[in-house]
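No hydrogens, no waters, no symmetry mates; every other heavy atom, side chains included, goes into these values.
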There are 2 protein chains.
Amino acid sequence: MVRVINKKINRDKLLDQGVTMLMGQGFHGTGLKEILDAVKIPKGSFYNYFENKETYCAEVISHYIEPFIIQLQGHLQKPEMDALTGLKNYFNELIDELEKNQFKGGCLLGNLMGELGDTSEICRLSLQEAVNRYRDLIKQGLLKAQQEGAVRNDLSAESMANLLVDTWQGVLLRMKIEKSIVPLKSCCDNLLGGYFKA
Amino acid sequence: MVRVINKKINRDKLLDQGVTMLMGQGFHGTGLKEILDAVKIPKGSFYNYFENKETYCAEVISHYIEPFIIQLQGHLQKPEMDALTGLKNYFNELIDELEKNQFKGGCLLGNLMGELGDTSEICRLSLQEAVNRYRDLIKQGLLKAQQEGAVRNDLSAESMANLLVDTWQGVLLRMKIEKSIVPLKSCCDNLLGGYFKA
DNA sequence: GAATACAATACGACTGGTCGTCTTAATTGT
DNA sequence: ACAATTAAGACGACCAGTCGTATTGTATTC
């Protein structure tokens, strides 16, 4: 019984560490040993927790998106806040966070879509699911904002959500090479504060 | 003299092959041997042409963007064509190409921004330069389109060009995991055919 | 409740292979 | 003959993954 709890803890430790290292150095740029050393778990144990590096990576992807879903839900569920403002506040929170991290990392999903999209079917599907979950939540927010009259109705909430998610991925890449939050700000301004406005 | 010509040819071969392989498998996912075998150049020769893998990669990046610049210039310089239509035609050409390649690869710049943006300063700078050259050309196109009255004047050509480039990067990632051109189409529709319209 | 048997988990040394890079020798042009 | 370029193969480091052993928890038996 103590065992399975330890297993859970070790799995989570590995997933958390995976998020950090895979985001910063990529899949092929990060060795398992590096991850294992960081959380002080022996090499041989890794394969008790995960089938191989690839499926581990797919799990890291699902693990990664969870906090973002929760954070965004938090902003959208505040009863006193309209949905468009909630979305804006959420993205501003992300921007603050990214600035604190000195523009390092960006988004694990974006980074791995580029690196593994063509070569790992397992990770591709995991990425697809994670991005779609995230997109669906944003879509709900935009839908609410449409009902509240803050966002235009002649575009579907889904197509706007897709555009926002995709543009956000693009500006995160741009942020990394420019080491600047300007692209992030203007993405929000242009879409949430411009194109999407009712 | 024959020597330096061969050197040039070998360098170009390596750069061309690098574009293909780095785009498909990433920097860390591609071994030098793999590249060298593909163009039948001995392993020992690589370091005659390039300092190391990292600076080679930075050169591959500059080498990669050149044809896109030329292709886009071609569309913008047609005297009988207005600039907005030229831009649309250019992106439609890209979409056709990507569909032919079965959504594989996407954009080398986007993929490497995610993979190397944080870890290789040399590549980061090379990526920055390539993206900015590309962005500047699109900006010129949008400027012309503004003068022709096809594109709105209340947004700067530069900020629109940035948004277009960044969104394009994002939708290319999305294309890879969805294996679909739908994101590409709706990017063009929303921006060139919607938000940017005068 | 204690002793035993069994299964699940933990572990680190080890595998074959590949990595980027370098040294050194052969080859080439002048 | 000499200097510059090219190439072959060796280098140690590292890779993901495996295997046999040790340790632990649980179930069974008395």
**Request:** Assess the side chains of A/Asp82 and A/Thr85: does a donor N or O sit below 3.5 Å from an acceptor N or O?
**Result:** yes
**Request:** Inspect the surroundings of CD in A/Glu51 and state if more than 12 heavy atoms from other residues, nucleotides or ligands are less than 6.0 Å away.
**Result:** no
**Prompt:** To the side chain of A/Tyr47, which of C/dG12, D/dA8, D/dA16 is closest?
**Reply:** D/dA16
**No-H, no-angle donor-acceptor pair, B/Lys43 side chain to C/dG20 base, under 3.5 Å** = yes
**Prompt:** To the nearest Å, how far apart are B/Phe27 CZ and C/dC19 C1'?
**Reply:** 11 Å
**Asked** Does B/Gly105 offer a backbone N or O that forms a donor-acceptor pair with the side chain of B/Lys176 under 3.5 Å?
**Response** yes
**Message:** I need the CZ-P distance between B/Phe50 and D/dT6, as an integer number of Å.
**Reply:** 12 Å
**Fill in**
Taking C/dT21, D/dG17, D/dT6 as options, the one with an atom nearest any side-chain atom of A/Asn52 is D/dG17
**Item:** Interatomic distance, A/Lys33 NZ vs C/dT18 P [rounded to whole Å]
**Value:** 22 Å
**Prompt:** Can you check the B/Phe46 CZ to D/dT6 P distance for me, whole Å?
**Reply:** 14 Å
**Message:** Distance check needed: C/dC22 C1' versus B/Glu51 CD, whole Å only.
**Reply:** 14 Å
**Which nucleotide in D/dT6, D/dG17, C/dC11 has an atom nearest any side-chain atom of A/Leu32** = D/dG17
**Asked** So, is A/Tyr49 near the phosphate of C/dA10, with a side-chain N or O under 4.0 Å from OP1 or OP2?
**Response** yes
**Item:** Nearest-angstrom distance from the residue atom CG of A/Leu36 to C1' of D/dG17
**Value:** 12 Å
**Prompt:** From C/dG12, C/dT9, D/dA7, pick the nucleotide closest to the side chain of A/Asn48?
**Reply:** C/dT9
**Prompt:** Taking atom CD of A/Glu129 as the centre, does the number of heavy atoms from other residues, nucleotides or ligands within less than 6.0 Å exceed 12?
**Reply:** no
**Message:** Using the rule given for ring pair (Phe, Tyr, Trp, His ring centres under 6.0 Å), can you reason through A/Phe46 versus A/Tyr56, listing the C-alpha separation, both sets of side-chain angles and the distance that settles it, and then say yes or no?
**Reply:** CA-CA 9 Å; A/Phe46 178 85; A/Tyr56 163 69; 5.2 Å; yes
**Asked** Given atom NZ of A/Lys53 and atom P of D/dT18, what is their separation to the nearest angstrom?
**Response** 15 Å
**Distance below 4.0 Å between A/Ser45 side-chain N/O and C/dC11 OP1 or OP2** = yes
**Message:** Nearest whole Å is fine: how far is C/dG17 P from B/Asp37 CG?
**Reply:** 16 Å
